[in-house]
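Single-structure report; data block below.
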Amino acid sequence: MEHTQKTMNGLYQNLGKLFYAMAISDGSIHVKEWDKVKEIVKEDWLYIDDFTDRYGTDAANQIEIVFDWLVEYEKSSDACFEEFKDFYKEHPHAFSEEIKVLAKKTAGAIASSFSGKNKSELILLAKIELLLK
């Protein structure tokens, strides 16, 4: 199925929500979690496809933009995960196997980036694993 620019931008925006949900799942975002998001976007996400946003920059940058916006407006982990899940159910075709694997890897890296994985992070990782089968 052909992926539209709108769908792919939505994909990256919703991945930003997912990664924010992971980082905030324990009630606060540590700088190491934010740094991990930026690192993985630069090392992995920017090279996964050739989609750009309306300004001609790599659509994967939407991950950081949305994450940063959510930090400012302090949405809940549950709300962000539900928005991601709704997008996934509406656009499963946008999630290649490579994107699913990298999404799970990124979420795990965020959870591990600051003093190991806690209970709330482990629960969310399990939900992500079940959703992205």
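Only heavy atoms go into these numbers, but all of them, side chains included; no hydrogens, no water, no symmetry mates.
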Any link between Tyr88 and Leu130 through a network of hydrophobic side chains (Ile, Leu, Val, Met, Phe, Trp, Tyr) touching at under 4.5 Å?
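No, it is not one cluster - the side chains of Tyr88 and Leu130 are not joined through contacts under 4.5 Å.
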Give a yes or no on whether Trp69 and Val71 share a hydrophobic cluster (residues Ile, Leu, Val, Met, Phe, Trp, Tyr; joining criterion: side-chain heavy atoms under 4.5 Å apart).
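Yes, Trp69 connects to Val71 through the hydrophobic network.
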Find the distance between [atom1] ([X]) and [atom2] ([Y]) and round it off to the nearest 0.5 Å.
X	Y	atom1	atom2	value
Lys127	Ser77	NZ	OG	7.5 Å
Phe81	Lys17	CZ	NZ	13.0 Å
Leu102	Trp45	CG	CH2	4.0 Å
Glu72	Glu74	CD	CD	9.0 Å
Asp44	Thr106	CG	OG1	6.5 Å
Ile40	Asp35	CD1	CG	11.0 Å

With Tyr12 as reference, evaluate Asp58, Asn61, Asp49 under the side chain to side chain donor-acceptor pair (under 3.5 Å) test and give the passing residue.
Asp49
Kindly give the heavy-atom pair with the smallest separation between [X] and [Y], and that separation in Å.
X	Y	result
Leu15	Ala103	CD2-CB, 3.9 Å
Ala111	Leu125	CB-CD1, 4.0 Å
Phe87	Thr7	CZ-O, 3.5 Å
Glu33	Phe114	CG-CB, 4.3 Å
Lys104	Ile128	CG-CG2, 4.0 Å

Restricting to side-chain hydrogen bond (donor to acceptor under 3.5 Å, both in side chains), what partner residues turn up for Asp86, sequence neighbours left out?
none
Using 30° and 60° as the class limits, which term best fits the ring planes of His91 and His93: parallel, tilted or perpendicular?
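Correct class here is perpendicular.
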State plainly whether the residues Glu64 and Lys42 are in salt-bridge range, i.e. N to O under 4.0 Å.
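Between Lys42 and Glu64 there is a salt bridge, with a charged N closer than 4.0 Å to a carboxylate O.
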Ring center gap for Phe84 and Phe95 short of 6.0 angstrom:
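Yes - the distance between ring centres of Phe84 and Phe95 falls below the 6.0 Å cut-off.
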Which atom pairs, donor and acceptor, lie under 3.5 Å between side-chain atoms of residues 18-32 and protein residues at least two apart or in another chain?
unit_1, atom_1, unit_2, atom_2, d
Tyr20, OH, Leu70, O, 3.4
Tyr20, OH, Lys75, N, 3.4
Tyr20, OH, Lys75, O, 2.9
Ser25, OG, Met22, O, 2.9
Asp26, OD1, Ser28, N, 3.4
Asp26, OD2, Asn118, ND2, 3.3
His30, ND1, Lys32, N, 3.0

Counting only heavy atoms not in Lys105 (residues, nucleotides, ligands), do more than 12 fall under 6.0 Å from its NZ?
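No, not enclosed.
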Are there more than 12 heavy atoms of other residues, nucleotides or ligands under 6.0 Å from atom CD of Glu98?
no
Looking at Leu131, is its backbone amide N or carbonyl O close enough to the side chain of Lys85 to form a donor-acceptor pair, meaning the two atoms are under 3.5 Å apart?
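Judged by distance alone, no pair lies under 3.5 Å.
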